[in-house]
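One structure is given below, encoded as structure tokens.
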Amino acid sequence: MDAATVMQRCEALSEISEVQGFLVRPYGSDAMYKVNEVVAEWMRGAGMDVRADAIGNLICRYEGTGEGTFILGSHLDSVRDGGKYDGPLGILTALACVERLHDREERLPFAIEVPAFADEEGLRFGTTYLGSSHYSGAFDERLLELEDRDGVTLAEAVRAFGREPESLSGTKSAPDDAIGYFETHIEQGPVLEDRDLPVGIVSAITGLSRIQVGFTGSAGHAGTVPMDGRKDALCAAAEFVLEAEAAAKAEPGSVATVGEISALPGAGNVIPGRVDLSLDVRHGDDTVRGRLRDHLEKRAGEIAAGRGCDVNWQVRQESVAVSADPHLVGLLSTAIKDAGVEALQLPSGAGHDAAQMASICPVSMMFVRCKDGVSHNPAESVEEEDVAVAIDVMGRFLGLVAEERRGR
Ligand SMILES: [Zn+2]
């Protein structure tokens with residue numbers, strides 16, 4: 001299978017959405033079931049066995065001649081109005097590599113497993129890595145009580161899929177003999193484009209905290225409650241949003257974002273009594289991230305108190321920063337140089353399933369250049385020639401791992 005097919009398949013999957021006209025594929029949606037069916041069919045065509053695990057990850061396997069499993073994963077869910085390549089590119093390039101082996105009737109000295117994770121973006125429940133957390137055996141059962149916008153809990157969403165939510169924690173669906181994990185993903189930043197390189201090696205993945213912050217004040221008539229006596233939850237939230245920006249700027253290398261906000265009761269002539277917002281804090285150093293998070297928690301309390309409001313601070317998720325495995329990075333560098341490309345290393349400011357997978361095996365990642373560094377946006381774009389390089393490098397990389405395993 002060539003890069004043109006990968007491009008066509010990314011295109012085809014982008015049509016499978018919850019909303020007509022743009023891409024929205026949240027966890028547990030009909031679009032996710034549909035996309036899993038389509039991908040499963042392609043995987044079977046490449047000689048792979050296909051199954052789904054308890055959280056709805058699609059797990060595809062190409063057996064090898066010896067012990068051990070090398071995992072090539074990424075995700076198939078999307079953000080709201082997302083792009084075509086964030087996630088699917090990793091799955092479809094992995095499929096391309098397996099298809100090439102299958103066409104040549106070749107088996108490696110280890111099995112290849114391709115898990116297509118059912119939730120990485122956290123669009124529905126505000127928590128990332130749901131899919132890879134179960135696959136790697138790190139699922140936190142407290143997450144089962146989280147509710148989506150319609151009040152459906154994660155436990156109910158899992159049941160709707162015909163699975164037992166109780167079976168998610170304390171078990172893993174990844175194989176016991178995992179020897180490594182590799183993920184291809186679009187860069188989502190401008191570095192490779194600036195350096196005129198088709199691909200790059202990820203040196204480390206940022207740590208992140210996702211927090212739900214609620215300000216509760218007192219709703220009242222916009223015309224009759226004087227300015228002095230108000231407990232305006234939205235004013236408190238507004239002050240907090242700017243505080244998050246200022247605090248992140250004061251802590252070099254960190255980023256803090258409020259990306260979602262809702263005000264209740266949500267009427268033009270009523271003082272907002274309740275505001276909920278999301279806070280996303282990241283840094284490559286976990287100590288710095290923790291310091292910034294704690295500072296913002298303290299400030300949220302102070303801002304709320306200063307306005308007679310209450311604050312509720314709920315940490316929904318924390319992931320530690322993860323370094324790529326030096327040995328796999330070495331093999332990947334060789335594969336990239338062998339393909340005639342400079343082997344540039346760069347850190348990832350975005351979270352990836354590889355971060356979760358690091359708890360069970362050595363991990364590595366390759367970025368593919370994307371246009372203008374744009375992602376999480378329908379304008380997301382990659383070049384077919386770059387995808388061709390990515391498939392070539394993945395094939396060489398697997399070849400180097402195979403060589404090493406044979407030589408043991
Ligand atoms: Zn992604």
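Just so it is clear, the model here is predicted, and its values are computed rather than measured. Note that these values count all heavy atoms, side chains included, but never hydrogens, waters or copies made by symmetry. When a ligand or atom number is given, it counts from 1 through the structure's own listing order.
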Open item on the list: Restricting to N, O or S, what is the name of the atom of H185 that lies nearest the Zn ion (ligand 1)?
Closed with: NE2
TODO: Kindly state whether the ring of H134 and the ring of F117 have centres lying under 6.0 angstrom apart.
DONE: no
Open item on the list: Taking N, O or S atoms only and a limit of 2.8 Å, check whether H75 reaches the Zn ion (ligand 1).
Closed with: yes
Open item on the list: I'd like to know if E41 pairs up with R44 as an ion pair, taking the criterion as any Lys NZ or Arg NE/NH1/NH2 lying under 4.0 Å from an Asp or Glu carboxylate oxygen.
Closed with: yes
- [ ] Identify, by name, the N, O or S atom of D86 lying closest to the Zn ion (ligand 1).
- [x] OD1
- [ ] Assert yes or no for the condition that the ring centre distance of Y62 to F110 is strictly below 6.0 Å.
- [x] no
Task: Close side-chain approach of E113 to L72, heavy-atom, < 4.5 Å - done: no
